[in-house]
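Position 1 is the first residue of the sequence; numbering continues from there.
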Amino acid sequence: MNGFRLPTAMRALRPDEGQFAQRNAVTSGDGLLVGSVFGVAAGTAALSEAVETALVGVYDLKKVASQAWAAGDKIYWDYTAKQTAKTPTSNTLFGVATEAVAGGATDLIGRVRLNGAF
């Protein structure tokens, strides 16, 4: 060894996760967008605190009400509303729907595969 040691509290992140300081408070399972990186919070963090974030995988996320999805639809993040949508206008593409969701006013969760690319 060359004598260099990492602090014991430091751990290397897997390629499918990141750690980001948030511009908003988040809880585990919330979607979040930092620059062009989208992920799902793996824990709870207050404003400006770092949170471990999953960058790939399939997740059930909050979606726009009254919007039907089909499997394979492109899904975007609405940063203002902090939810997913099929609408590309002013939103950021981050994944695809993995199953259909009805378009009723109470259909508020959609299953999405994160694309992991940015």
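Ring geometry, Phe94 versus Trp77: the interplanar angle exceeds 60°, so the pair is classed perpendicular (tilted spans 30 to 60°).
Side chains of Asp30 and Val40 form no contact here, defined as non-hydrogen atoms less than 4.5 Å apart. A heavy-atom distance below 4.5 Å is not found between the side chains of Leu61 and Gln83. Counting heavy atoms from C-beta on, the side chains of Asn24 and Tyr79 come closer than 4.5 Å. Proximity of Tyr59 to Leu114: side-chain heavy atoms (C-beta onward) are separated by under 4.5 Å at one or more points.
Contact record, Ala50 with Ala45: O-CB, 3.9 Å, taken as the closest heavy-atom pair. When all heavy atoms of Ala105 and Ser66 are compared, the closest pair comes out as CA-OG, 3.6 Å. The minimum heavy-atom distance linking Thr27 with Ala41 is given by the pair O-CB, 3.6 Å. Nearest heavy-atom pair across Ala70 and Ala97 is O-CB, 3.5 Å. Nearest heavy-atom pair, Ala85 versus Val64, reported as atom, atom and distance to 0.1 Å: CB-CG2, 3.5 Å.
Considering NZ of Lys62 and NZ of Lys82, their distance stands at 10.0 Å, rounded to 0.5 Å. Atom CG of residue Asp78 and atom OG1 of residue Thr87 lie 8.0 Å apart, to the nearest 0.5 angstrom. The OG1 atom of Thr92 sits 13.5 Å away from atom CD1 of Ile75, with the distance rounded to the nearest 0.5 Å. Expressed to the nearest 0.5 Å, how far CD of Gln67 lies from CG of Leu108 amounts to 11.5 Å. To the nearest 0.5 Å, the span separating CG on Leu93 from OH on Tyr76 amounts to 5.0 Å.
Grouping the Ile, Leu, Val, Met, Phe, Trp and Tyr side chains by contacts below 4.5 angstrom, directly or via other members, places Leu55 with Val34.
A donor-acceptor pair under 3.5 Å is absent between the side-chain atoms of Glu99 and the main chain of Arg111, judged by distance alone. Between the side chain of Asn91 and the main chain of Pro88, no donor-acceptor pair closer than 3.5 Å is present.
Lys63 pairs with exactly one of Ile109, Val112, Val101 by the side chain to side chain contact (heavy atoms under 4.5 Å, CB included) rule, that one being Val101.
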